[in-house]
Peer 1: 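Let me give you the structure first, and then I'll get to my questions.
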There are 2 protein chains.
Amino acid sequence: MRRITVVEDDNFMREELQYRLEQAGYEVSVVTDFSKTVEEIQAQTPELVLLDLNLPGKNGYAVCRELKSKSSITVLVLTSRDQLKDELQALEIGADEFLTKPCHGERLLARIRNLEKRIDQQQNRLEGGGLSLDRQTDTLYVGEEVVRLTEQEATILEQLLLHPGSLVNKQQLFQALWGTEEYIDENALQVAMTRLRKTLTKLSVESRIVTVRGRGYQIEW
Amino acid sequence: MRRITVVEDDNFMREELQYRLEQAGYEVSVVTDFSKTVEEIQAQTPELVLLDLNLPGKNGYAVCRELKSKSSITVLVLTSRDQLKDELQALEIGADEFLTKPCHGERLLARIRNLEKRIDQQQNRLEGGGLSLDRQTDTLYVGEEVVRLTEQEATILEQLLLHPGSLVNKQQLFQALWGTEEYIDENALQVAMTRLRKTLTKLSVESRIVTVRGRGYQIEW
DNA sequence: AGAACACTTACAGTTCTTGTAAGGTTTCTT
DNA sequence: AAGAAACCTTACAAGAACTGTAAGTGTTCT
């Protein structure tokens, strides 16, 4: 594992954590503007988030819930409130681990190492809109269903999921599919899109691939 | 999830756990002969094991380590020794979760529910001899490498991994491959074995598919 | 040595995947 | 409203992948 994002408003605590984690070999980033916590985290694309529950202004639970709904980032909740209620609620809304502060450094590292197992399994999984795409096997997971996509389908869906809700222009798709932006057979791309859309429809996926006329495509949900 | 095996020598504690878990909808089995703990667990093929550390005679750590080396069963270690050292060591040797007794029922259930995420991801994964086969996607994981097998290859390997180190007779393989034990084209099976062996060799797998003359095949490592 | 069993290679039918072509539909502009 | 541009859909065919069959070779047992 590489990147961990620490979400902690107490300066002393945050620096302490950062130091320990970096000593242990992790690449640590921190959140500075707590009004945009989720955005900052997503921009840093960490594999793990250390989340303090009592943030200034924002509710820690809400951050966790939002992160989990928008991504599959692994979340370790840290709090000084040593209450069973907090632990239950944190796990309930999808946190992957819960520890109370002050926390022994070795315990924290052991738990993080334990979480890496889970993270490794999620690796190479692109998620969005209820879809989960494994590029290693070109397999698409939708709820209970599991479908093996063709390489072309997987390539396109990967590009779309890498930029959820925003435009993927045709050049990008040409590049991803055929390794060049020059060779332009618009039709080949159109056919590929039709095929992908058809297999998504079969799965009754609520996600929609929207055409942006003259520019490209984007996925929405 | 369905099955949980409880490994606990204290009668009162064990029955208490069993009751709570069954109330929560799990199918619970227990280990009776602690000299054959690992064998009993493996025979029950649970998705999760609740393991008490101080068992009569046997060392709990050893049980955990053996379980983890022989299978990918998820292990939750329970102990009354509330020592950081125990927690670190348990996690170190591969335990998936660590809790101290007496443990609040709701906390235990919340942690179990949390483990189910991990279990779900491991589901449909057959392991053995450094191989990991995902039958949902017919993908074989060997160390860093990832290979998509053909359905035939995956079917055979599945049968072999289901009975590691012991014989899989031809009838079983005919059944798995073509749905009948009657239709016997020995040669078709032989060709299929050759193909599987070839793809395993490409991956420089140390596992060996051994022919048992006149009866079938078995995998060893 | 012969028989039984197993292994390997090559070939062919089938299916899957993908590029191409052709025609239809939608959207934009004037 | 008409024409053009962009996009969608369907069908066809070449190539690759998968699997069963056949034939010949190698190995093991008696």
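Lettering of chains follows the sequences in order, A, B, ..., and the numbering in each one begins at 1.
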Peer 1: Using a 4.0 Å cut-off on heavy atoms, which residues in residues 148-163 of chain B reach DNA chain D? List them by number, or say none.
Peer 2: B:Thr150, B:Glu151, B:Gln152

Peer 1: For B:Tyr217 and C:dC5, is the shortest distance between a side-chain N/O and OP1 or OP2 below 4.0 Å?
Peer 2: no

Peer 1: Round to the nearest Å and state the distance from B:Asn187 atom CG to C:dA10 atom P.
Peer 2: 15 Å

Peer 1: Would you say C:dT18 has OP1 or OP2 under 4.0 Å from some side-chain N or O of A:Trp178?
Peer 2: no

Peer 1: Measure from CG on A:Asp185 to P on C:dG19 and round the result to the nearest Å.
Peer 2: 9 Å

Peer 1: Who are the side-chain contact (heavy atoms from CB on, under 4.5 Å) partners of B:Ser132, not counting sequence neighbours?
Peer 2: B:Arg125, B:Glu127, B:Tyr141

Peer 1: Sequence neighbours excluded, which residues qualify as salt bridge (charged side-chain N to carboxylate O under 4.0 Å, His left out) partners of A:Arg111?
Peer 2: A:Glu97, B:Glu87, B:Glu97

Peer 1: For DNA chain C, determine which residues of residues 190-203 of chain A have any heavy atom closer than 4.0 angstrom to one of its atoms, and list them numerically.
Peer 2: A:Val191, A:Arg195

Peer 1: Nearest to the side chain of B:Thr211 - D:dT21, D:dC7, C:dC7?
Peer 2: C:dC7

Peer 1: To the nearest Å, give me how far apart CG (B:Leu189) and P (D:dT21) are.
Peer 2: 13 Å

Peer 1: For A:Leu177 and C:dT18, what is the distance between atoms CG and P respectively, to the nearest whole Å?
Peer 2: 9 Å

Peer 1: Partners of B:Arg197 by salt bridge (charged side-chain N to carboxylate O under 4.0 Å, His left out), sequence neighbours excluded?
Peer 2: none

Peer 1: For B:Glu66, check side-chain hydrogen bond (donor to acceptor under 3.5 Å, both in side chains) against everything at least two apart and list the hits.
Peer 2: B:Lys70

Peer 1: With sequence neighbours left out, write down each residue that passes salt bridge (charged side-chain N to carboxylate O under 4.0 Å, His left out) with A:Glu158, or none if nothing qualifies.
Peer 2: A:Arg135

Peer 1: For B:Arg148, check side-chain hydrogen bond (donor to acceptor under 3.5 Å, both in side chains) against everything at least two apart and list the hits.
Peer 2: none

Peer 1: How close or far is atom P of D:dC7 from atom CG of A:Leu173, stated in whole angstroms?
Peer 2: 12 Å

Peer 1: Applying salt bridge (charged side-chain N to carboxylate O under 4.0 Å, His left out), name anything that partners A:Asp52, two or more places apart in sequence or on another chain.
Peer 2: A:Lys101

Peer 1: With A:Tyr217, which residues qualify under side-chain hydrogen bond (donor to acceptor under 3.5 Å, both in side chains), at least two apart?
Peer 2: none

Peer 1: Sequence neighbours left out, what passes side-chain hydrogen bond (donor to acceptor under 3.5 Å, both in side chains) with B:Thr5? Give chain and number order.
Peer 2: B:Ser29, B:Gln44

Peer 1: Charged N to carboxylate O below 4.0 Å: is that the case for A:Lys68 and A:Asp96?
Peer 2: yes

Peer 1: Measure all distances between protein nitrogen or oxygen atoms and nitrogen or oxygen atoms of nucleotides 26-30 of chain D, and list the pairs falling under 3.5 Å.
Peer 2:
residue	atom	partner	partner atom	Å
D:dT28	O2	B:Arg213	NH2	3.2

Peer 1: Find the distance B:Phe174:CZ to D:dT19:C1' and express it as a whole number of Å.
Peer 2: 15 Å

Peer 1: Check the surroundings of atom CD in A:Gln136: do more than 12 heavy atoms from other residues, nucleotides or ligands lie under 6.0 Å from it?
Peer 2: yes

